Amino acid sequence: MTSKSKLIWQRVFLYTVLTAVTVVLIFPFLWMISTSLKHSNEIFTPTPQWIPSSATFANYVELWTTTPFPTYFRNSVIVAVATTLITLFISTFFAYGLSRFRFKGRRIMLNMLLVSQMFPLVLLIIPIYVIFIRLDLMDSFGSLIIAYCTFAIPFGTLMLKSYFDGLPPETEEAALMDGCSPVGAIFRVVIPLAAPAIAAVGLFSFILSWQEFIFALTLTNSEGMRTLPVGISLMVGNREVLWGMLMAASTLVTLPVVFLFIYFQKYLVSGMTMGAVKG
Amino acid sequence: MEDTQHVEATAGNPAVRSKRSKMNAFWKAALPYILISPGVIFVGAILIYPMISGVISSLFTQHPLNLSQREFVGLAHFKTLFSDKIFYMAFSNTLIWTLGVVFGQFALGLGIALMLNEKFPGRGIYRSLILIPWVVPMIAAALTWKWIYSADYGVLNYFLKQIGLISTNIDWLGNPSIALFSVIMTNVWKGIPFVAVVLLAGLQSIDNEMYEAAQVSGANLFQRFWYITLPSLKGVSIVVIVLTTIWTFNQFDLLYLMTKGGPSNSTQIIPVYTYLNAFNFFKMNYAAAVSTVGVVLLSVLAFWHLRTSKEEG
């Protein structure tokens, strides 16, 4: 075989395998959307239709008008946005402090942040539940926002710290020489330079709180406080399993995340590998 | 450790430093503490304190209604664990679950990373598409797979019947002997993108000249993989395996949403058993003991991870 035809066969093989793998990986996602667009007589059939014969938004309309789904959606937005803002505020300064200064206990703090990523949330939730009952914080947005910060802040801090570590200190030095105050240098030089990493952390904390399940399940108990994951999970038990409506709900909880991801993919993937590889 | 000081200021130009006012000197001394204190307070109050008190609560028994009333019972809960059959099931299931998921994710993720490391037109599209499982929120993933696995109308049974692998429908989540396998498959699916993307980053940092040199000296594809690719990926692989092991070991959402530990505890794992004890059976302190066993197991891994990441930072 000539090397050229060998290369073509390698390409054909690569495309075939890769396409097969990709189809398997995205099939559940497509199946979710496809089911959500079907009438129930097409859903419960022994021979599944890959593409709905007559696409319908009936499941979405029913979901939005006959269930508390809009409330869940609103609650999730409130909690995720608030968590993101608090996380960005606290972890940017925390990370900057840990990256640029040496002080007693710095090493211990970094280790604590790393350990917290490995600690089982399930065990954490027991004391948090007890504390929130004592503080009378149960079943409130506050309880969820505070609880979500427990995983968003350590994660954001570590990720931003590794980004700040990579920024040469000379950047602020130059600003200080020009008469900028140390705080001014952070706001005018460091934060703008770190904007991609900050955006990635913001998106991560938004996505994490958007889909968080166990804290929301434990810390809320009234219909008006439920977030999307908990609300949707409770819809399963309400009546016979209405797969069309559940898939519509799953699609609506997924699409915002997918769009954010596609749009910010570059930052997210580099942030993800940075956070994971440099921990 | 070291005293408080502005790292780069000590290296700065003395002439510039002398120009700074006293106010700046104060700022310089106080700034690190001002910057970190919100983080320290927050993390201390909502993370460190609950983490410690979670482990400590395994040594107490609390009144289920009056949570402030508690009695020290020492290791009594841990003794109970030894005679708790469900705990044993949860323990061995957790090991099977973790090993199965981590192995599956790593093997398939590495395969995908190797393919995506080739240069070919359309690579970017494949790379974006394979990220989808990772992006789908856990609740949507759990429900969609429940639907795919459904015994009566599930598309998986339909597909397997079409290609002739099975003749009667399988109850993927309802059959105790395969339910754990089914949930493992779902979690493997969910985690492949992360492993693939991180390993791909590792592959791309390998110097191409090494491959060229190997090719010149006559190494075949397999030899190049075995002697260059794998050793170069060692560091990043360790990180990935440690992280996925920790995440899988602590994973609660997927199993709770898909099976709640059932049928007949065949998918019971430590996090779910912890949750059920605490919030369904109202045995908070026993739950803490169950989870503490998990913490002890994971700390071995955690300490190792801390040591390997110590060189950095």
Side-chain angles (χ1 to χ4, degrees), chain A residues 11 14 18 21-22 25-26 28-29 31-32 44 48 90 93-94 96-97 100-104 107 110-112 114-116 118-120 122-124 126-128 130 133 146 150 153 157 169 173 177 182 211 213-214 218 229 232-233 243 246 250 253-254 257-258 261 269 273 276-279, chain B residues 1-2 4 7-8 12 16 27 31-32 35-36 38-39 42-43 46-48 50-51 53-54 67 115 118 126 129-130 132-133 135-140 143-144 147 153 155 158 197-198 201 236 239 243 246 250 252-253 257 271 274-275 278-279 284 287-288 291 294 298 302 306 309 312-313:
Chain A
R11 277 282 160 81
L14 183 68
L18 204 50
V21 170
T22 309
L25 281 179
I26 64 171
F29 173 74
W31 191 237
M32 169 182 88
F44 299 103
I90 293 184
F93 294 118
F94 200 7
Y96 184 79
R100 285 292 194 263
F101 302 99
R102 300 288 176 270
F103 47 83
K104 274 203 178 71
R107 191 71 245 177
L110 281 171
N111 283 346
M112 282 293 190
L114 274 171
V115 168
S116 71
M118 304 162 192
F119 199 78
V122 173
L123 182 52
L124 194 62
I126 299 172
I128 285 185
V130 175
I133 285 188
I146 295 170
T150 58
I153 289 179
T157 305
E173 272 296 282
M177 282 182 200
Q211 57 169 316
F213 176 71
I214 177 168
T218 318
I232 297 171
S233 77
W243 284 113
L246 281 178
S250 299
V253 78
T254 304
V257 185
V258 171
F261 219 94
V269 171
T273 45
V277 179
K278 294 187 184 160
Chain B
M1 276 177 224
E2 316 93 310
T4 306
V7 176
E8 61 273 30
V16 176
W27 267 111
L31 187 62
L35 288 172
I36 64 163
F42 213 96
V43 170
I46 62 169
L47 196 66
I48 310 292
M51 262 163 66
S53 89
L67 291 170
M115 286 192 280
E118 301 295 315
Y126 284 106
L129 286 178
I130 63 137
I132 284 181
V135 179
V136 171
M138 207 49 106
I139 174 77
L143 290 179
T144 305
W147 170 225
Y153 300 106
V155 70
Y158 169 79
V197 167
V198 176
V236 73
V239 175
L243 284 174
I246 291 163
N250 289 331
F252 167 82
D253 299 14
L257 287 165
T274 303
Y275 182 87
F279 297 104
M284 294 263 178
S291 202
L298 272 188
L306 283 184
S309 65
E312 181 264 340

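Quantities reported herein were computed from a predicted structural model and do not represent experimental measurements. Atom set for the values below is all heavy atoms of this structure, side chains included, hydrogens, waters and symmetry mates excluded. Per chain, numbering begins at 1; letters A, B, ... match sequence-line order.
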Original post:
So what's closer than 4.5 Å to chain B heavy atoms on A:V21: side chain, backbone, both or neither?
Top reply: side chain
Original post:
Looking at B:V135 and A:V257, what are the two nearest heavy atoms and their distance?
Top reply: CG1-CG1, 3.4 Å
Original post:
What is the minimum heavy-atom distance between A:P28 and B:T144, and which atoms define it?
Top reply: O-CG2, 3.2 Å
Subject >> Contact summary for B:N250 and A:M118, nearest pair of heavy atoms >> reply: ND2-O, 2.9 Å
Original post:
Looking at B:A140 and A:V253, what are the two nearest heavy atoms and their distance?
Top reply: CB-CG1, 4.0 Å
**OP:** Measure the spacing between CD1 of A:I214 and CE of B:M138 and express it to the nearest 0.5 Å.
**Re:** 12.0 Å
Subject >> Closest contact, heavy atoms only, A:Q211 versus B:P137 >> reply: OE1-CA, 3.1 Å
Original post:
Nearest 0.5 Å, what's the CE-OG1 distance between B:M115 and A:T22?
Top reply: 7.5 Å
Subject >> Top contributor to chain B interface from A:T157, A:L246, A:I90 [non-hydrogen pairs under 4.5 Å] >> reply: A:I90
Original post:
Side chain, backbone, both or neither: which part of B:L257 has an atom under 4.5 Å from a heavy atom of chain A?
Top reply: side chain
Subject >> Identified side chain to side chain contact (heavy atoms under 4.5 Å, CB included) partner of A:F93 from the options B:L35, B:I36, B:L31 >> reply: B:L35
Subject >> Proximity breakdown for B:A287 and chain A, heavy-atom pairs closer than 4.5 Å >> reply: both
**OP:** Check each atom of A:I146 against the heavy atoms of chain B and say whether the ones under 4.5 Å are side chain, backbone, both or neither.
**Re:** both
**OP:** Pick whichever of B:I46, B:I132, B:V43 has the most heavy-atom pairs under 4.5 Å with chain A.
**Re:** B:I46
**OP:** Could you tell me which of A:I26, A:I128, A:T218 has the largest number of non-hydrogen atom pairs under 4.5 Å with chain B?
**Re:** A:T218
Original post:
If you count heavy-atom pairs under 4.5 Å between each of B:D253, B:I130, B:V136 and chain A, which one has the most?
Top reply: B:D253
Subject >> From B:Y126 atom OH to A:L25 atom CG, the distance as rounded to the nearest 0.5 Å >> reply: 12.5 Å
Subject >> Leading residue by heavy atom contact count with chain A [cutoff under 4.5 Å; candidates B:W147, B:Y153, B:F42, B:Y275] >> reply: B:W147
**OP:** List the atom of B:I139, the atom of A:P229, and the distance in Å for their closest heavy-atom pair.
**Re:** CD1-O, 3.4 Å
Subject >> Between OG1 on residue B:T274 and CG on residue A:L123, distance to nearest 0.5 Å >> reply: 7.5 Å
Original post:
In terms of heavy-atom proximity below 4.5 Å to chain A, should B:L298 be classed as side chain, backbone, both, or neither?
Top reply: side chain
